[in-house]
Amino acid sequence: MGQTVKRKPAPPPEHKAPPAPPPPPPEDGVVLTPEQLRRRRARSIAIASVLGFLVILFYVVTIVKLGPGVVLNRPL
């Protein structure tokens, strides 16, 4: 009635050395022209400007929605 099943013991875990790091990228890689670098900088400045504008817009909208009493009536 009660049969016992004998299982093989699990094999001990193998200790492996950590994988080798990937090789460094080639030194030449992609070299951008001065025109491409100028355009990248202009794009970065445009993105930063828009992000800054949105931060200021959200701040102003939050203050307007809270009302003037929140800003002017706070204790010093």
Q: Measure the spacing between CZ of R38 and CD of E35 and express it to the nearest 0.5 Å.
A: 4.0 Å
**Q.** Counterpart residues, side chain to side chain contact (heavy atoms under 4.5 Å, CB included), relative to L37 (two or more places apart)
**A.** L32
Could you tabulate the donor-acceptor pairs under 3.5 Å formed by side-chain atoms of residues 43-63, not counting sequence neighbours?
{"from": "S44", "atom 1": "OG", "to": "R40", "atom 2": "O", "distance (Å)": "3.1"}
{"from": "S49", "atom 1": "OG", "to": "I45", "atom 2": "O", "distance (Å)": "2.8"}
{"from": "T62", "atom 1": "OG1", "to": "F58", "atom 2": "O", "distance (Å)": "2.7"}

